[in-house]
Amino acid sequence: MREPTIFELSSPGRTGVTFPTSDVPAYALPDASLLRAELPLPELAEVDVVRHYMHLSRYNYSVDEGFYPLGSCTMKYNPKINEDTCRLPGFVFSHPLQPIETVQGNLALLFEMQEWLKEISGFNEVTLQPAAGAHGEFCGVLMMRAYHKARGDAKRIKMLIPDAAHGTNPASAGMLGMEVVTIPSDAHGNVDLVALKAACDDTVVGMMLTNPNTLGLFDQNIVEVVRLVRDCGGLMYGDGANLNALLGIVRPGDLGFDVMHFNLHKTFAVPHGGGGPGSGPVGVSERLAEFLPSPLIGIVEEAEEDTPPLYGYITPKQTIGRMKAFHGHFGAIVRSYTYIAMHGPQGLKDVSQYAVLNANYLMARLKTYYKVPFDRICMHEFVMEGRFEGTDIRALDISKRLMDYKFHPPTNYFPLIVHEALMIEPTETENKQTLDAFVDALVSIANEAHTNPDIIKTAPHDTPFGRMDEVKAARELVLCCWLPENLED
Ligand SMILES: *Cc1c(COP(=O)(O)O)cnc(C)c1O
């Protein structure tokens, strides 16, 4: 049975708001052509609204409730102090169009964040504008294109992308009219160097590489990969979604990457996945610095003896233009700034080391029960196969059954190059008891696969709703499902 919508709970005349007496002059309504004759809004008392949404929220699952090993998404715990700082009245009640003299605190924070991300990644300059990782990719690829164009190098149209890549990589290059050339992985899960060599020529814009890649593996030939791409005049794009494995250990800028996006909502603890907007800053090497979006935040008047510096806006010489209104998602940036400040350099290094340790612990314990296609030390995540010899159990079935054991499923069917992929990313904050309980659940499911496969095939049994049609929601998307005309029984 479906839940009643807020419209069905509505009853004429009920209300949940009390307007204060107006203390401003009344204004005539605008032209009638701009007004709607009817605006059917639900009418409910406050208590009805609170109960409705509280009730719906209990169907949800979140990292505040339990383990959330969704590979590649880095669903790490979000410390609550981040929420306190981003709600400070000085931040909340300022406006990006205020004169800069009145928002020096905000600008100082943005400036310092650019500096910290430079230090963490080894890049020369950073923009905080892009709204999320995919938007950062688009921004980065725009700069790569602008770089070649500025040099009069017009024949470069090919973007090299490994077969393990996230779908946003080919999408970003494709949106800019580039031809995507897929580079296979070799038997160890690295970029296939022979195939890469064959693809490198003077029509290459560059390569988009995630390292560690989406198999959770650090490319053992990374220096050679970068050299090959650079030798043919291409630029190296780093997909920084997996930065949680590298903090304080490896800097992509030092490896020779020219440009990389950060996913602040993954690596630096901002609620995401329906929990709020992300943020996808982009770092660049010297070669791309003058193409960055404008404005950057910079010091426009140096500090004097007894006056602090004046922060303001800077326009890079050959800027690609604006990527986002104002300064990007300021609230997300404040949360990540807080996270970095609270951890400090050693704390961030600990984050990555524990993230990697936790993933390796899970892999070591699980590989007796599940096939791990690339059996070598992993980084912050790993991929195993969700299938068992002699059964028709699939990865999806295992994920559904995990919900009965009160765990959020891992990422399914990604990367595409592993059969029945289950991609597991525990993150650094989980303790040994939680990791062991998760292993126990998966071991128990592996036993059920042979003793009681039906219970897996028909899972979940212990959730508010049973197994959903996985495809329907994507193919027949109804965004206004609360409207009476879209209701289905
Ligand atoms: C999450 C992710 C992206 C896209 O980032 P968004 O912030 O979701 O837009 C790109 N590449 C990889 C490897 C990712 O995990």
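Treat the numbers as computed from the prediction; the structure is a model and nothing was measured. Each residue takes its place number in the sequence, starting with 1. Atoms within each ligand, like the ligands themselves, are counted from 1 in listed order.
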* Determine whether any heavy atom of His265 lies closer than 4.0 Å to an atom of ligand 1. => yes

* Any N/O pair Ser72/ligand 1 closer than 3.5 Å -> yes

* More than 12 heavy atoms of other groups within 6.0 Å of Lys432 NZ -> no

* Asked: What atoms in ligand 1 come closer than 4.0 Å to a heavy atom of Ala132?
  -> 7 (O), 9 (O)

* **Short N or O distance, Asn263 and ligand 1, threshold 3.5 Å exclusive** => yes

* List the steps and the verdict of salt bridge (Lys or Arg N to Asp or Glu O under 4.0 Å) for Asp64 and Lys80. => CA-CA 10 Å; Asp64 284 353; Lys80 297 303 168 235; 3.2 Å; yes

* Flag for Asn60-Ser57: side-chain donor and acceptor within less than 3.5 Å -> no

* Asked: Among side-chain atoms of Asp258 and Ser285, is any donor-acceptor pair under 3.5 angstrom?
  -> yes

* Structure fact -> From the list Tyr68, Tyr405, Phe407, ring-ring contact (aromatic ring centres under 6.0 Å, His included) with Phe438 holds only for Phe407

* Closest non-hydrogen protein atom to atom 9 (O) of ligand 1, residue and atom name please, with distance? -> Ala134 N, 2.8 Å

* To do: Before signing off on this row, confirm whether Thr210 and ligand 1 have an N or O atom pair separated by under 3.5 Å.
  => no

* Minimum-distance protein heavy atom relative to atom 11 (N) of ligand 1 -> Asp239 OD2, 2.6 Å

* **Evaluation steps, side-chain hydrogen bond (donor to acceptor under 3.5 Å, both in side chains), between Arg151 and Tyr147** => CA-CA 7 Å; Arg151 293 158 48 95; Tyr147 169 84; 3.3 Å; yes

* Asked: Could an N or O of ligand 1 be found under 3.5 Å from any N or O of Gly133, whether backbone or side chain?
  -> yes

* **Heteroatom proximity flag, Lys266 to ligand 1, N/O under 3.5 Å** => yes

* Backbone N/O of Thr74 and side chain of Glu425: donor-acceptor pair under 3.5 Å -> yes

* Between Phe268 and Tyr337, ring centroids under 6.0 Å -> no

* Any idea which part of Ala241 is under 4.0 Å from ligand 1, heavy-atom wise: side chain, backbone, both or neither? -> side chain

* Hey, does Glu137 sit under 4.0 Å from ligand 1 if you only count heavy atoms? -> yes

